[in-house]
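One structure is given here, and the rest of the page talks about it.
Both ligands and their constituent atoms are indexed starting at 1 by order of listing. Computation of the quantities below employed the complete heavy-atom set of this structure, encompassing side-chain atoms and omitting hydrogens, waters and symmetry-equivalent molecules.
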Amino acid sequence: MKVLVVYATAEGSTAGIADWIAGALLARGHDVVVRSVDEVRDVSGYDAFVIGSAVHDQAWLPAGREFLTRQRRALRGKPVWLFSVGLPGALRDPLRRVAAWGEADVLVALLNDVDPVEHRLFTGVVTAEAFGWFGALVFRLLGGRFGDFRDWAEIERWSASISDVLAGIEAARR
Ligand SMILES: Cc1cc2nc3c(=O)[nH]c(=O)nc-3n(C[C@H](O)[C@H](O)[C@H](O)COP(=O)(O)O)c2cc1C
């Protein structure tokens, strides 16, 4: 099975997560290609998909949403995993929990186009520069922290679970 890992990023941390997932699948013997959504026109050669986007204003980046809409017919009937990259891990409770609840809203907006096996929300890299001075000030006042919050162990575990499902599908086809 040929797997496409594809991502939409503004600042690069989603690309890093996509690269990690692709590497983890490759290490488990899968045939994997990793690309930005802007680089992919035709997905007909792929059998499974891991698709991720950074979250801005509680929604996927337009390039990520457009990819799903553009490819919805090609994705139908194929296993698709979705991941979103936001900032819950950069906040403290109770705001962290409120931000994590937003996962449902982010996901619901995607379900018109795709019926995923699973969706995960990861925390990415949060920088003051990306927010601008006012946004950064508000974020700090809310108790937010800047930094790289990507949890590689969690991402590795998720990649391993994807690999197990792919292996099961491959075994059933033999
Ligand atoms: C303008 C802006 C808006 C954002 N809005 C949200 C949001 O609504 N929810 C969230 O969880 N994270 C939000 N974030 C945080 C980013 O999703 C997070 O920093 C992520 O790691 C960015 O991924 P990227 O480096 O691939 O662009 C926002 C970041 C920026 C710069």
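Nearest-heavy-atom check against atom 16 (C) of ligand 1 across L87, L61, V55, V126 picks out V55. Across the listed options Q58, E103, H56, R150, Q58 owns the non-hydrogen atom lying nearest to atom 9 (N) of ligand 1.
Counted within 6.0 Å of CG on D115, heavy atoms from surrounding residues, nucleotides or ligands total 12 or fewer; the atom is thus considered open.
The atoms of ligand 1 that sit less than 4.0 Å from any heavy atom of G124 are 21 (O). Heavy-atom proximity to A54, at under 4.0 Å, picks out these atoms of ligand 1: 22 (C), 23 (O), 24 (P), 26 (O), 27 (O). Set against the non-hydrogen atoms of V125, the atoms of ligand 1 under 4.0 Å away are 18 (C), 19 (O), 20 (C), 21 (O). Near T14, with a cut-off below 4.0 Å to any heavy atom, the atoms of ligand 1 are 23 (O), 24 (P), 26 (O). Less than 4.0 angstrom separates some heavy atom of A130 from each of these atoms of ligand 1: 31 (C).
Inclusion of P88 in the set of residues having an N or O under 3.5 Å from an N or O of ligand 1 is not warranted. Considering backbone and side-chain atoms alike, F131 places every N or O at 3.5 Å or more from each N or O of ligand 1. Between A10 and ligand 1, a contact under 3.5 Å exists for at least one N or O pair.
Protein heavy atom closest to atom 25 (O) of ligand 1, with residue, atom name and distance, is S13 OG, 2.6 Å. Atom 27 (O) of ligand 1 has E11 N, 2.7 Å as its closest protein atom, hydrogens excluded (heavy atom only). Shortest contact from atom 5 (N) of ligand 1 to any protein heavy atom: D57 N, 3.0 Å.
Within the model, atoms NZ of K78 and OG of S44 stand 7.0 Å from one another, a figure rounded to the nearest 0.5 Å. Note that CZ of R145 and CG of L87 are 11.5 Å apart. Values are rounded to the nearest 0.5 Å.
Looking only at distances, a side-chain donor or acceptor of D47 sits under 3.5 Å from a matching main-chain atom of K2. Using a distance-only test at 3.5 Å, with no hydrogens or angles considered, no donor-acceptor pair links the side chain of S163 to the main chain of S159. Side chain of R140 to backbone of G144: a donor-acceptor contact under 3.5 angstrom is found.
Between F139 and F146, the ring planes lie tilted relative to each other; the angle falls in the 30° to 60° range.
At least one heavy atom of G12 lies less than 4.0 angstrom from ligand 1.
Screening L110, V40, V114, L75 for a side-chain contact (heavy atoms from CB on, under 4.5 Å) involving I51 leaves a single residue, L75. Between S84 and the options E103, Q58, R120, H119, a side-chain contact (heavy atoms from CB on, under 4.5 Å) holds for only H119.
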